[in-house]
Engineer: 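Pasting in a structure now, in structure tokens, and then I'll have a few things to ask.
Here is how names work: the chains are called A, B, and so on, in the same order as the sequence lines, proteins then strands, and each is numbered from 1.
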Amino acid sequence: MPEAASVDYLEVSGLNAWYGESHVLHGADFSVRRGEVVTLLGRNGAGKTTTLKSIMGIVARRTGTARFEGRELLGLPSDQVARLGIAFCPEERGIFASLDVEENLLLPPKVRDGGMTVDEIYQLFPNLEERRRSQGTKLSGGEQQMLAIGRILRTGATLLLLDEPTEGLAPVIVQKIGQVIRELKARGLTILLVEQNFRFAATVADRHYVMEDGRVIDQFRNDEVETNIDKLHEYLGV
Amino acid sequence: MFELLGIPPQALFGQLLLGLINGAFYALLSLGLAVIFGLLNVINFIHGAQYMMGAFVAWMLLNWAGIGFWPALLIAPVVVAITGIVIERLLLRRLYHLDHLYGLLLTFGIAIIIEGLFRYRFGSSGQPYDNPLPGGHNLGFMYLPNYRGLVVVASLLICFGTWFVIERTRLGSYLRAATENPTLVRAFGINVPRMITLTYGFGVGLAALAGVMAAPIYQVSPLMGSNLIIVVFAVVVIGGMGSIMGSIVAGFGLGVIEGLTKVFYPEASNTVIFVIMAIVLLIKPAGLFGTPR
């Protein structure tokens with residue numbers, strides 16, 4: 001691996017986060033290198049989504065450190081985090097009902113050069129082009145997920161935070177999303193992926209972290225998944 | 001001369017014009033309220049006072065600085081919008097996470113203070129403001145004063161211009177999206193707090209603009225806003241809270257209905273809007289163009 005690629009692109013350590021009085025993250029530590037696809041695995045309530053939202057600045061009360069390209073993110077409001085080149089695709093997809101498909105696609109502003117063009121995104125997701133004038137929330141679940149991913153590809157963000165992009169989708173759509181994630185990796189994007197489905201995660205990721213009770217309790221390279229399959233089953237309760 | 005249902009046409013069209021002019025102000029004011037409520041979730045009770053301030057700033061510009069109506073049309077809304085921005089930055093901003101009721105109480109209180117200060121300084125009798133566009137046209141069936149015709153046309157242009165910006169442009173898509181989910185819009189890199197401040201300033205500026213346009217028609221008085229704002233709130237409820245098109249259609253429509261009522265059944269002209277409001281609330285509680293939230 002070349003020297004530059006081994007430098008931590010996103011480095012999270014001792015991350016604590018609270019929703020009101022409830023203490024959700026208890027010192028999470030992990031890192032992502034440039035160009036990697038890394039997953040956060042874990043049961044419901046382990047703190048995976050909160051971790052993404054804390055990096056993004058959506059959870060207000062946080063301590064610890066989260067550095068992106070060496071810059072501290074904690075303390076920045078979420079619009080400034082986004083401007084550094086981080087894009088977030090929420091679990092609930094966040095498609096806007098009062099916007100049509102194309103308006104949804106064009107909503108996130110460009111934060112860096114080098115993002116995909118609208119035509120490239122339509123090539124990746126031809127369904128979206130056919131339905132560009134439909135109300136955003138009239139799309140099927142799979143199409144909404146494609147729109148949610150597609151709209152952050154235009155921005156030029158280099159680190160994508162994807163929260164359970166395959167949740168509740170048909171197997172053929174899950175395959176499509178896997179294919180898209182591999183294509184984005186080939187384009188040099190760095191992806192932090194939250195998943196409950198480690199069989200899907202194993203088809204796209206380089207490394208996996210396992211979270212439980214707001215901490216990272218274990219990690220594997222993707223080629224170690226098979227040898228650790230029993231442990232993973234136990235962690236994830238599947 | 002022909003007659004319509006026993007009403008002379010001068011009376012009918014005269015009241016129709018009066019209705020359209022009132023409707024022009026209802027529409028401008030309820031539009032500002034709708035824009036503010038949509039994004040801020042605040043029922044802006046200062047709106048009437050801000051309309052009054054618009055008229056007074058125009059009056060002060062004329063009487064204290066010799067600046068006439070046309071420049072005032074631009075200057076007064078900007079001045080009043082800046083006071084609105086200060087209020088939003090210092091006070092309103094602290095209430096967004098609380099119930100609607102807190103914003104309502106705060107803005108209501110500020111409205112009373114502002115009106116009180118103006119009454120203290122100017123008394124409650126009105127000040128005249130000269131018509132900047134005297135003269136008129138005889139249309140055959142009625143006489144149309146130039147300035148009043150201009151007010152109706154200008155209000156329509158401003159209303160549909162605002163509708164176009166919000167519904168058909170990129171900036172408008174930010175506004176609509178931030179109305180639905182401000183957290184996510186902010187996480188895309190848009191400075192939502194600044195957008196909220198500017199939106200409030202814009203809504204306040206609209207109220208002040210209506211005030212400047214009203215100055216030559218009505219008297220410039222500290223109470224001109226509170227007399228109007230009660231009707232405007234009924235218009236907003238009928239059109240649907242936060243609906244842009246609803247406030248435009250309901251504003252003009254109710255102005256005309258009110259005018260016609262003055263012709264056909266004058267006794268009801270002060271209450272007809274509230275009767276319509278009650279009926280609309282019974283049949284469609286979210287208003288004619290509103291969506292339940």
Side-chain angles (χ1 to χ4, degrees), chain A residues 19-20 49 52-60 73 76-112 115 118 133 135-137 147-148 150-157 159-161 163, chain B residues 31 34-41 89 93-94 96-99 162-199 239-247 286-287 289-293:
Chain A
Y19 285 119
T49 296
L52 296 192
K53 288 188 172 174
S54 299
I55 294 169
M56 209 58 231
I58 295 173
V59 176
L73 302 176
L76 293 182
S78 60
D79 53 313
Q80 288 183 32
V81 173
R83 294 272 168 192
L84 295 176
I86 307 181
F88 175 52
C89 176
E91 184 178 6
E92 68 282 0
R93 293 165 195 147
I95 302 303
F96 296 98
S98 53
L99 273 58
D100 69 22
V101 169
E102 193 152 289
E103 284 178 323
N104 266 288
L105 196 58
L106 295 175
L107 183 76
K110 284 207 163 97
V111 295
R112 281 191 181 184
V118 172
R133 290 283 156 240
Q135 187 188 341
T137 45
L147 180 54
R151 70 179 168 191
I152 60 175
L153 302 180
R154 237 190 80 254
T155 64
L159 171 63
L160 310 185
L161 311 181
D163 196 354
Chain B
L31 180 67
V35 171
I36 291 170
F37 181 76
L39 190 61
L40 281 76
N41 254 330
R89 281 268 150 142
R93 169 158 296 189
R94 302 166 199 274
Y96 295 145
H97 61 288
L98 299 172
D99 191 82
T162 305
W163 173 85
F164 182 84
V165 168
I166 291 177
E167 296 296 330
R168 292 285 180 272
T169 66
R170 172 72 71 93
L171 179 68
S173 71
Y174 289 163
L175 271 173
R176 279 175 283 144
T179 299
E180 275 186 59
N181 188 344
T183 308
L184 185 59
V185 171
R186 191 166 190 196
F188 285 147
I190 296 168
N191 189 336
V192 173
R194 189 176 64 197
M195 195 160 89
I196 288 176
T197 304
L198 293 177
T199 300
M241 257 344 253
S243 161
I244 305 298
M245 194 45 99
S247 58
F289 291 77
T291 41
R293 40 166 98 200

Engineer: Would you mind checking which part of A:Pro90 comes under 4.5 Å of any heavy atom in chain B, side chain (CB onward), backbone (N, CA, C, O), both or neither?
Structural biologist: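 Looking at A:Pro90, just its side chain touches chain B.
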Engineer: Under a 4.5 Å heavy-atom cutoff, which of A:Ala157, A:Pro109, A:Pro77 has the most pairs with chain B?
Structural biologist: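 When all of A:Ala157, A:Pro109, A:Pro77 are compared, A:Pro109 has the most.
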Engineer: Could you give the distance from CG (A:Leu160) to CG (A:Leu52), rounded to the nearest 0.5 Å?
Structural biologist: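 One gets 11.5 Å once the value is rounded to the nearest 0.5 Å.
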Engineer: Shorter than 4.5 Å, heavy atoms on both sides: which option in A:Leu106, A:Asp100, A:Ile58 has the most such pairs with chain B?
Structural biologist: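 If we count pairs closer than 4.5 Å to chain B, A:Leu106 comes out on top.
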Engineer: Quick one: closest heavy-atom pair of B:Ala34 and B:Ile244, and the distance?
Structural biologist: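 Nearest pair, atom of B:Ala34 first, then B:Ile244: CB-CD1, 4.4 Å.
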Engineer: Report which part of B:Ile190 has an atom under 4.5 Å of a heavy atom belonging to chain A: side chain, backbone, both, or neither.
Structural biologist: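 Both parts, backbone and side chain.
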Engineer: Side chain, backbone, both or neither: which part of A:Leu84 has an atom under 4.5 Å from a heavy atom of chain B?
Structural biologist: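 Contact with chain B: none, neither part.
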Engineer: Quick one: closest heavy-atom pair of B:Tyr96 and B:Ile196, and the distance?
Structural biologist: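 In terms of heavy atoms, the two residues are closest at OH-CG2, 3.5 Å.
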Engineer: Tell me whether the count of non-hydrogen atoms from other residues, nucleotides or ligands lying under 6.0 Å of CZ in B:Arg194 goes above 12.
Structural biologist: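 No.
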Engineer: Under 4.5 Å from any heavy atom of chain B, what part of A:Ala97 do you find: side chain, backbone, both or neither?
Structural biologist: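 Answer is both: backbone and side chain atoms of A:Ala97 are under 4.5 Å from chain B.
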Engineer: Where does A:Ser98 contact chain B at under 4.5 Å (heavy atoms): side chain, backbone, both or neither?
Structural biologist: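 Answer is both: backbone and side chain atoms of A:Ser98 are under 4.5 Å from chain B.
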Engineer: Would you say B:Arg94 has more than 12 foreign heavy atoms packed within less than 6.0 Å of its CZ?
Structural biologist: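 Counting neighbours around CZ of B:Arg94, 12 or fewer heavy atoms of other residues, nucleotides or ligands fall under 6.0 Å, so no.
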Engineer: If you define the side chain from C-beta out and look only at heavy atoms, does anything of A:Val59 sit under 4.5 Å from A:Tyr19?
Structural biologist: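 Answer yes - side chains close enough.
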Engineer: Non-hydrogen atoms of chain B under 4.5 Å away: do they reach the side chain of A:Ile95, the backbone, both or neither?
Structural biologist: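 Contact with chain B: backbone only.
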